[in-house]
Amino acid sequence: MTTPALLPLSGRRIPTLSPGASSFPHHRATLRLSEKFILLLILSAFITLCFGAFFFLPDNSKHKRFDFGLEDVLIPHIESEKEARHSSRQVIHGVGAHDDYGARGKRWDKQQGEKLKLMLHFIGINMMKHAWDSYRQYGWGHNELKPIAKKGHSTNIFGNSQMGATIVDALDTLYIMGLHDEFKDAQEWIEQNLDFSVNAEVSVFEVNIRFIGGLLAAYYLSGQEVFKVKAVQLAEKLLPAFNTPTGIPWAMVNLKSGVGRNWGWASAGSSILAEFGTLHMEFVHLTYLTGNPAYYQKVMHIRKLLAKMDRPNGLYPNYLNPRTGRWGQHHTSVGGLGDSFYEYLLKAWLMSDKTDTEARKTYDDAIEAIERHLIRKSNGGLTFIGEWKNGHLERKMGHLTCFAGGMFALGADGSPDDKAGHYLQLGAEIAHTCHESYDRTVLKLGPEAFKFDSGLEAVAVRQNEKYYILRPEVIETYWYMWRFTHDPKYRQWGWEAVQAIDKYCRVSGGFSGVKDVYSSNPTYDDVQQSFFLAETLKYLYLLFSSDELLPLENWVFNTEAHPLPVLHQGNITLPGSETQR
């Protein structure tokens, strides 16, 4: 369903003085009819202007306050979705992607608070509520939603179970946006229905980042004990996955039997770097909350094992055999299969209040090798991150890789050899490249992968790489770049994405991915991914929010955009940890 044309700000409908409500003094009766008419027009315009000003002033009674370590940030909350949709669509016109940016930037500065409020309403009350309400109506309790068929959906990462993945994944987004009635509904479902004693084979990685990460974030934000209890129950079900000869966990585990195995397609039975390397944040918090050292010890064992291994050209291959402890196929990627391993090295350091220097050193060494072997500049001047396959650089970059712009910016402070400026600039260059991958499509949405070869730059070539499945990585990088630079172009780019998603992905039953971003008449994939609510909409909301909402000094986001608090040195002692005591 496409959205209606956006109306100019001056076209906003607001109530005017009703007929017969005149309170003019009696001596005005001597005026001629035309003078009466003119005076009525002037007075009506004045009252209209006053009402409009009153309408858009912040209403403190509608603000919701975080009380769990969020610096007393006020979150605007609007009661009516219709009100939000109407007001937002009319102000959006003034910040369109096709405006002259210099002039637009000045207008932005003058009206920033007003426009940002309406943008937040549009993303939170319009888009998020449409996604959530559609899921609530058509897919409640299922893992995800088929918004066109209007029924539940699931994939093999959740096995054959109906674990309400969207409910858990969306919890913290609902809370942050002030959608507390929806949050309460989600909490009640979790209390009454979320059961992990099911005969289902699930992805350890996906269940960790979506469920454990989502439940922990909801606990830290709301203080509701049920979320911590459920997170620990699930974590106990994942521990058997680590019962391998090396301690490198299986990719999948049966929640009832504890039997684990790896994906059949993964390089001779290997575990995947981005999967076993993306457990640290959640497992450290589990040990912090429970006092059980097992979680912390499991992830630290993985780090120690990797530290002993040879790395070809300093790069980490994507595959490691959990039986032999040897690398599988020598394929290195900062996108799929590798991405969040590097992210979690940096975030382990940040989450430890920058005391886990071992994690920081490992991150710095890895990024140095990535810069040397994977990062290149195209003939057209676009910086991209390729993939290393058996000694050869493939000049292709995935949408998943676009998160790295934000990672480089996040890791700039603390870089060795005073290279903070260099990594901030590298983050900006990756953000620009990924924006180009969006801008060079018909729909202004980015493809799954894009090439830098044979005269083509930032464009998908193969048909099976032209789809967009509501992914968040580009918007994630915009948000980090905005937080660290406050360059208004990142908000402009983010708003372009809002408009494109709302125009081309919104359907009557929610939001759907599209199969070809280069087609003016795309077909839908009929899946509303849980990460659309957990990540894409959250990062968009944060992009237009104050920096005081979830400040990066106090919160670290897991790879599913679930915020976990920094564990300050005085508040934690982890068993066996020398760096964090």
Side-chain angles (χ1 to χ4, degrees), residues 2-3 92 95-99 101 104 119 123 127 334-336 339 378 380-385 395-409 427-452 456-482 485 487-506 511-522 524-525 529 531-532 535-544:
T2 58
T3 57
I92 290 165
V95 290
H98 302 295
D99 285 355
Y101 191 71
R104 194 200 62 75
M119 290 172 174
I123 295 165
M127 297 178 75
V334 184
D339 47 12
S378 71
L382 296 178
T383 301
F384 68 94
I385 308 174
R395 297 170 66 87
K396 180 175 79 171
M397 185 170 173
H399 193 291
L400 289 165
T401 317
C402 285
F403 92 97
M407 179 179 72
F408 293 141
E429 291 175 12
I430 296 299
H432 173 67
T433 297
C434 293
H435 176 256
E436 286 297 305
S437 77
Y438 275 52
D439 202 46
R440 298 181 185 192
T441 72
V442 172
L443 305 187
K444 304 303 178 185
L445 294 169
E448 182 70 3
F450 41 96
K451 290 252 186 179
F452 297 85
L456 294 173
E457 298 196 357
V459 174
V461 176
R462 299 168 58 184
Q463 188 61 40
N464 65 356
E465 294 175 340
K466 295 181 178 180
Y467 59 87
Y468 173 72
I469 58 171
L470 307 173
R471 285 203 187 277
E473 290 78 21
V474 174
I475 295 161
E476 175 184 355
T477 278
Y478 294 166
W479 174 60
Y480 279 112
M481 292 307 303
W482 164 257
T485 70
D487 187 331
K489 72 183 179 186
Y490 297 114
R491 281 181 163 172
Q492 180 197 14
W493 293 352
W495 195 252
E496 292 171 7
V498 168
Q499 291 174 305
I501 292 169
D502 194 63
K503 182 175 182 179
Y504 295 110
C505 300
R506 178 193 284 265
F511 289 87
S512 170
V514 293
K515 293 183 179 180
D516 188 347
V517 293
Y518 300 95
S519 169
S520 59
N521 188 28
Y524 297 110
D525 67 10
Q529 307 276 351
F531 58 67
F532 178 65
E535 300 184 75
T536 310
L537 292 176
K538 183 187 288 127
Y539 283 131
L540 283 169
Y541 190 85
L542 291 172
L543 177 61
F544 296 101

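Between Ser519 and Leu443, the shortest heavy-atom distance links the atoms O-CD2, 3.3 Å. When every heavy atom of Tyr478 is checked against every heavy atom of Ala431, the shortest pair comes out as CE2-O, 4.2 Å. Between Tyr504 and Val514 the shortest heavy-atom distance is O-CG1, 3.7 Å. The minimum heavy-atom distance linking Pro447 with Ala460 is given by the pair CB-CB, 3.7 Å.
When each of Ile123, Ile475, Val474 is checked for a side chain to side chain contact (heavy atoms under 4.5 Å, CB included) with Tyr539, only Ile475 meets the rule.
Listed by chain and residue number, nothing satisfies the salt bridge (Lys or Arg N to Asp or Glu O under 4.0 Å) test with Lys515 (two or more places apart in sequence, or in another chain). For Glu457, there are no salt bridge (Lys or Arg N to Asp or Glu O under 4.0 Å) partners, not counting sequence neighbours. Residues that satisfy the side chain to side chain contact (heavy atoms under 4.5 Å, CB included) test with Val461, not counting sequence neighbours, are Lys451, Leu456. Residues forming a ring pair (Phe, Tyr, Trp, His ring centres under 6.0 Å) with Phe384 (at least two apart in sequence, or on another chain): Phe452. Take Ser512 and apply the side-chain hydrogen bond (donor to acceptor under 3.5 Å, both in side chains) test, not counting sequence neighbours, and it matches Asp525. Glu448 pairs by the side-chain hydrogen bond (donor to acceptor under 3.5 Å, both in side chains) definition with Arg471, not counting sequence neighbours. In terms of the side-chain hydrogen bond (donor to acceptor under 3.5 Å, both in side chains) criterion, residue partners of Lys396 (sequence neighbours excluded) are, by chain and number, Glu465.
Taken from CE in Met119 to CG in Leu543, the straight-line distance is 9.5 Å, to the nearest 0.5 Å. The CH2 atom of Trp493 sits 13.0 Å away from atom NZ of Lys444, with the distance rounded to the nearest 0.5 Å. Between the CD atom in Gln529 and the CD atom in Glu535 there is a gap of 10.5 Å [rounded to 0.5 Å].
Contact check for Lys466 versus Thr441: no side-chain heavy atoms found under the 4.5 Å cut-off. Proximity of Leu542 to Trp482: side-chain heavy atoms (C-beta onward) are nowhere separated by under 4.5 Å. Within the 4.5 Å cutoff, the side chain of Tyr467 has no heavy atoms near those of the Asp516 side chain.
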Where do Trp495 and Arg491 land on the side chain to side chain contact (heavy atoms under 4.5 Å, CB included) test, with the steps shown first? CA-CA 6 Å; Trp495 195 252; Arg491 281 181 163 172; over 6 Å; no
Could you go step by step and tell me if Tyr468 and Ile501 meet the side chain to side chain contact (heavy atoms under 4.5 Å, CB included) rule? CA-CA 10 Å; Tyr468 173 72; Ile501 292 169; 3.7 Å; yes
Indicate every side-chain donor-acceptor pair of residues 398-408 with a distance under 3.5 Å to a residue at least two apart or in another chain.
residue: His399; atom: ND1; partner: Glu473; partner atom: OE1; Å: 3.0
residue: His399; atom: NE2; partner: Tyr438; partner atom: OH; Å: 2.7
residue: Thr401; atom: OG1; partner: Gly398; partner atom: N; Å: 3.4
residue: Thr401; atom: OG1; partner: Gly398; partner atom: O; Å: 3.3

